[in-house]
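Below is one structure; the comments refer to it alone.
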Amino acid sequence: MNLIDNRTHTPRPRQAVGVANRTTVEYGVAQAELGCVLIARSVGGVCAILIGADAEQLERDLADRFPGRALNRNEAGLRTELAKVLRFIDNPGEGLDLPLALRGTTLQRRVWQALRAIPAGTTITYAELAVRVGAPTSARAVANACAANVIALAIPCHRVVRSSGELAGYRWGIERKRTLIAKEAML
DNA sequence: TTTAGAGAACGCG
DNA sequence: CGCGTTCTCTAAA
C-alpha cells in the first residue's frame, strides 16, 4: 500500500464504451478447420470474429455482445471477409488485413492496436505487451484487455502467453489457442 | 452518479 | 502460495 501515490495513477480518459448505437450488424458464418466462424460487420468495419461449435451458439454469442442491435445474417455480403479469414486459418503467414471497427476503452484500444503488430509465428508475454503500451506495471490489466477482445484472429490475442511460457486463457478455447500458435510456428 | 469491492487470460518472490 | 498491481464491472447508496 503506498502512502504516497507515486504511480501513474492518472485516470486516463476512457473512451465512451456503452454508447447506444442502433446500427445494424451484418454477419456471416462459415465452417473452418478450427471450428465454426462468425464474422460481423458494422459501420466502419469488422466488429467481431467469433469461433465456436455451431452457428446457433455463435449467434447467441453475438447477440450477447451487441444487445439491442439488429442482427442480419448475410453470407453474401460478408463473402470477402469470410474468404479472407478462412484463407488466414489455412495460411496464417499471409496475415489477415481487415478494416476493423473497434469499440473499447483507451487501454483496450492501445492493447488491441499493439497486438496487431505482433507478427504471426511469434508470441509475446503479457508483461512485455504491458511495456509496449506504456504501462509496464499493468500486466494484469493488459490481460483483461486481451480477454475483452471479440475480434479473434484479426486481433491476435492468441499470441500472448504468460511469462512462464504457459498458455493463459483464450476466449474461444485454450485448445484453439494452442493450435493457432503451433500452426503459426511452422511458418 | 459516485463509490466501494471483488475479480481477472499476470508476475514475482 | 501470497501479495502487489491495474483496470473493469456491479451492487448499493
Side-chain angles (χ1 to χ4, degrees), chain A residues 1-21 32 34-40 46-53 57-58 60-69 85 88-89 92 96 100-185:
Chain A
M1 174 182 340
N2 337 221
L3 306 182
I4 298 170
D5 191 353
N6 57 349
R7 294 157 311 186
T8 52
H9 189 275
T10 327
R12 299 188 193 66
R14 301 204 305 165
Q15 218 80 28
V17 68
V19 178
N21 187 337
L34 214 55
C36 205
V37 177
L38 181 154
I39 304 176
V46 170
C47 58
I49 298 181
L50 313 175
I51 310 173
Q57 184 213 320
L58 292 177
R60 281 196 300 275
D61 208 352
L62 185 66
D64 252 28
R65 184 64 207 183
F66 297 95
R69 301 279 289 276
V85 170
F88 171 79
I89 291 174
L96 178 54
L100 305 183
L102 299 180
R103 175 65 62 103
T105 66
T106 302
L107 181 77
Q108 287 169 342
R109 285 164 165 274
R110 281 195 191 142
V111 170
W112 297 339
Q113 207 56 54
L115 281 174
R116 295 181 74 185
I118 310 299
T122 69
T123 60
I124 187 174
T125 66
Y126 294 95
E128 173 59 21
L129 189 51
V131 169
R132 284 203 201 174
V133 299
T137 61
S138 312
R140 198 67 181 78
V142 164
N144 277 347
C146 292
N149 171 41
V150 280
I151 309 185
L153 311 175
I155 294 179
C157 61
H158 61 274
R159 295 181 191 141
V160 193
V161 300
R162 287 202 191 189
S163 291
S164 65
E166 289 173 283
L167 294 196
Y170 191 53
R171 185 188 179 91
W172 299 285
I174 199 74
E175 270 320 307
R176 290 199 176 101
K177 183 169 182 174
R178 198 188 314 285
T179 302
L180 286 166
I181 291 179
K183 180 139 191 173
E184 292 185 357

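Note: hydrogens, waters and symmetry copies are ignored here, and every other heavy atom, side chains too, is used. Here the structure is a predicted model, which is why all the values come from computation and not from measurement. Protein chains get the first letters and strands the later ones, always in sequence-line order, with residue 1 at the start of each.
- Of all nucleotides listed (C:dT5, B:dA9, C:dT8), C:dT5 comes nearest to the side chain of A:Thr137.
- Protein atom CZ of A:Arg110 is 13 Å distant from nucleotide atom C1' of C:dC7, rounded to whole Å.
- Applying the 4.0 Å criterion to OP1 and OP2 of C:dC7, one finds that A:Thr105 has every side-chain N and O outside that range.
- Within 4.0 Å (heavy atoms only), A:Ala141 reaches at least one base atom of the nucleic acid.
- If you take CD of A:Gln108 and C1' of B:dA9, they are 14 Å apart, rounded to a whole angstrom.
- Nearest-nucleotide mapping onto DNA chain B: of A:Asn144 and A:Glu128, the residue sitting toward the 5' end is A:Asn144.
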Side-chain donor-acceptor pairs under 3.5 Å in residues 139-147 of chain A, sequence neighbours left out?
none

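- Note that the CH2 atom of A:Trp172 and the OG1 atom of A:Thr179 stand 14.5 Å from one another [nearest 0.5 Å].
- Counting only distance, with no hydrogens or angles, the side chain of A:Arg159 and the backbone of A:Ile118 share a donor-acceptor pair below 3.5 Å.
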- Using a 3.5 Å limit on both pairing distances, list the dot-bracket string of DNA chain C from the 5' end; Watson-Crick and G-U wobble pairs count, crossing pairs take [ ], interstrand pairs take |. ||||.||||||||

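- Among the atoms of the strands shown, only primed sugar atoms or phosphate atoms (P, OP1, OP2) are found under 4.0 Å from some heavy atom of A:Ala127.
- A search for side chain to side chain contact (heavy atoms under 4.5 Å, CB included) contacts involving A:Glu175 returns A:Arg178, not counting sequence neighbours.
- A:Ile124 contributes atom CD1, which lies 7.5 Å from atom OG1 of A:Thr122 (distance to the nearest 0.5 angstrom).
- As rounded to whole Å, 15 Å separates atom C1' of B:dA9 from atom CG of A:Leu180.
- Between A:Ser163 and B:dG11 there is a side-chain polar atom (N or O) within less than 4.0 angstrom of OP1 or OP2.
- Summarising the geometry, the separation between CG on A:Leu107 and P on C:dT5 is reported as 18 Å, rounded to the nearest angstrom.
- A:Arg162 has its CZ atom 11 Å from the C1' atom of B:dA8, to the nearest Å.
- As a whole-Å value, the separation of A:Arg140 CZ from C:dT6 P is 13 Å.
- The backbone N or O of A:Ile155 lies less than 3.5 Å from a partner atom in the side chain of A:Asn149, making a donor-acceptor pair.
- A:Tyr170 approaches A:Cys157 most closely through the heavy-atom pair CE1-SG, 3.8 Å.
- The A:Tyr126 side chain lies nearest to B:dG11 when the options are C:dC7, B:dG11, B:dA8.
- Closest to the side chain of A:Ala139, out of B:dC10, B:dA9, C:dT8, is B:dC10.
- Computed from coordinates, the A:Ile124 CD1 to B:dC10 C1' distance equals 14 Å when rounded to whole Å.
- Atom CH2 of A:Trp112 and atom P of B:dA9 are 15 Å apart (whole Å).
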